[in-house]
There are 2 protein chains.
Amino acid sequence: MDRLLEVTVLFQHDMESNLGARGLTVSRTHLLWVLHHAGPCKQHELAEALDVTPRNVTGLVDALVATGFVVREPHPTDRRATLVILSDKGAATMEAMAAEREQVADGLVAGMSAATVDRMTGDLEVVLLNLRTMISEAGRTPESP
Amino acid sequence: MDRLLEVTVLFQHDMESNLGARGLTVSRTHLLWVLHHAGPCKQHELAEALDVTPRNVTGLVDALVATGFVVREPHPTDRRATLVILSDKGAATMEAMAAEREQVADGLVAGMSAATVDRMTGDLEVVLLNLRTMISEAGRTPESP
DNA sequence: TATTGTTATACTCTATAACTATA
DNA sequence: TATAGTTATAGAGTATAACAATA
C-alpha cells in the first residue's frame with residue numbers, strides 16, 4: 001500500500017509546482033474548480049462546497065480578485081450577498097486545466113491495456129470502499145509521511 | 001484515475017483528524033517519523049530529510065518540545081549543533097503509529113485475495129513509473145481538487 | 001431573529017535574509 | 001571562511017468570535 005502513498009505524495013507535489021507556475025495555489029484552484037462546474041456562486045455556497053469557513057472564502061476570493069481570476073458582483077435579489085464569477089482569464093485557465101487533466105490521466109496509464117486499466121480501477125474501487133468503511137466505523141487511520 | 005485522487009483526498013483528510021486527536025500535525029509527525037527511523041539527528045539533518053529550511057525545523061522542534069514528543073540535547077562533539085531525540089512519549093507514539101499502520105494497510109485490502117493485491121500493486125507500480133517519467137520529462141501535471 | 005459577509009485575532013507551515021556562536 | 005541554529009519578517013491557509021447590513 002506504500003505505492004498508493006507514494007503516488008499520492010508525488011502527485012500532490014507536482015500539482016503544487018504547476019499551479020505555482022500559473023500563480024495559483026491548491027486552495028484557490030479548488031475554488032475555481034467549483035465555479036467552473038457550478039457557475040456563479042455566493043460566497044456562502046463556496047464555503048459549503050469547500051468545507052471551509054466563510055471567513056476563509058473571503059480571503060481566497062480576495063486573492064483571486066487581486067490576481068484577476070474572478071470578479072465579485074452584487075447578487076441580483078439578495079443585497080446581503082455577492083456573486084463570485086469566473087473572469088475570462090479564470091474561465092480560460094479552467095478550460096486549459098481540464099484539457100491537461102485528460103492528458104495526464106492518459107499518461108498515467110501509458111503502456112497498460114484497456115482491460116488492465118479497468119481491472120485496476122475496479123480494485124481501487126474496493127480499496128476506496130474499505131477506506132470509507134474504516135473511516136465511518138471508527139475514525140481511525142494513521143500517519144505515514 | 002479519479003479513484004486514485006479520491007483515495008488520496010480521503011486518506012489525507014482522515015490522517016489529519018487522527019493526528020489532531022493526538023496533538024500532532026502532518027509536518028510534525030513527518031519529523032518524528034524521521035527520528036524514529038534514523039535515530040537522534042541534528043536539526044540540519046532533519047531539514048534535509050524533510051526538504052525544508054532550517055528555520056522551519058526550528059519551529060517544528062520548538063512545538064514538539066513544548067508538547068513533550070522530543071527533547072533537545074547538546075551535540076557531544078560539535079558545540080554549534082543540537083541533537084533532537086524522541087522522548088519516551090514520542091517513542092511510544094511512533095510505536096503505536098507503526099502498529100496502526102499495519103492494521104490500516106490490512107483493512108484497505110480487506111476482502112481481496114493475496115493474488116489480487118499483488119496484481120494491483122504491480123499495476124500501481126506502473127502508474128508510479130509513468131508519473132515519475134512525466135514529472136522529470138517536463139514538469140507538467142495539473143490541478144484537480 | 002436569522003443570514004451574508006466582513007473585521008479582528010490567532011495558530012500552523014513555509015520561505016528569505018541577517019546575525020551569533022562555533023568550527 | 002563555512003556551518004548550525006536563531007531572530008526578524010512575510011505570506012498562505014485555516015479557525016473562532018464579534019459586528020454590520022439586510023432579509
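What's counted below: heavy atoms across the whole structure, side chains too, no hydrogens, waters or symmetry copies. All chains are named by letter (A, B, ...) in the order of the sequence lines, taking the proteins before the strands, and each is independently numbered beginning at 1.
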Legend entry - Listed partners of A/T93 passing side chain to side chain contact (heavy atoms under 4.5 Å, CB included), at least two apart: A/R22, A/L24, A/F69, A/K89, A/M97

Legend entry - Residues forming a side chain to side chain contact (heavy atoms under 4.5 Å, CB included) with A/T77, sequence neighbours excluded: A/H75

Only counting residues at least two apart or in another chain, list the ones meeting side-chain hydrogen bond (donor to acceptor under 3.5 Å, both in side chains) with [X].
X: B/N130; result: none
X: A/R80; result: A/D78
X: A/E125; result: B/R3
X: B/T8; result: A/T8

Legend entry - Main-chain N/O of A/G68 paired to A/S87 side chain as donor or acceptor, under 3.5 Å: yes

Inset, instruction - Please state whether the phosphate of C/dA15, meaning OP1 or OP2, lies under 4.0 angstrom from any side-chain nitrogen or oxygen of B/N56. - result: yes

Legend entry - B/T58 side chain near D/dT6 phosphate (N/O to OP1/OP2, under 4.0 Å):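 Looking at the OP1 and OP2 atoms of D/dT6, one of them is under 4.0 Å from a side-chain N or O of B/T58.
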
Inset, instruction - Please list, chain by chain and in numerical order, all residues satisfying salt bridge (charged side-chain N to carboxylate O under 4.0 Å, His left out) with A/R79, sequence neighbours excluded. - result: none

Legend entry - A/H13 NE2 - C/dC13 C1' separation (whole Å): 13 Å

Between protein and nucleic acid, restricted to nucleotides 8-12 of chain D and to nitrogen or oxygen atoms under 3.5 Å apart, what atom pairs and distances do you find?
residue	atom	partner	partner atom	Å
D/dA8	N6	B/R55	NE	3.3

Legend entry - Pairs where residues 25-44 of chain B contributes a residue and the test salt bridge (charged side-chain N to carboxylate O under 4.0 Å, His left out) is met, not counting sequence neighbours: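 Salt bridge (charged side-chain N to carboxylate O under 4.0 Å, His left out) check on residues 25-44 of chain B returns no pairs.
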
Legend entry - side chain to side chain donor-acceptor pair (under 3.5 Å) pairs, two or more places apart, involving residues 51-69 of chain B: B/D62-B/R72

Legend entry - Selection: residues 35-53 of chain B, any non-hydrogen atom under 4.0 Å of DNA chain C: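 Within this stretch, B/V52, B/T53 sit under 4.0 Å of the strand.
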
Legend entry - Nucleic acid contacts of residues 72-86 of chain B, taken as heavy-atom distances under 4.0 Å to DNA chain D: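 Hits under 4.0 Å, by residue number: B/R72, B/R80, B/A81, B/T82.
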
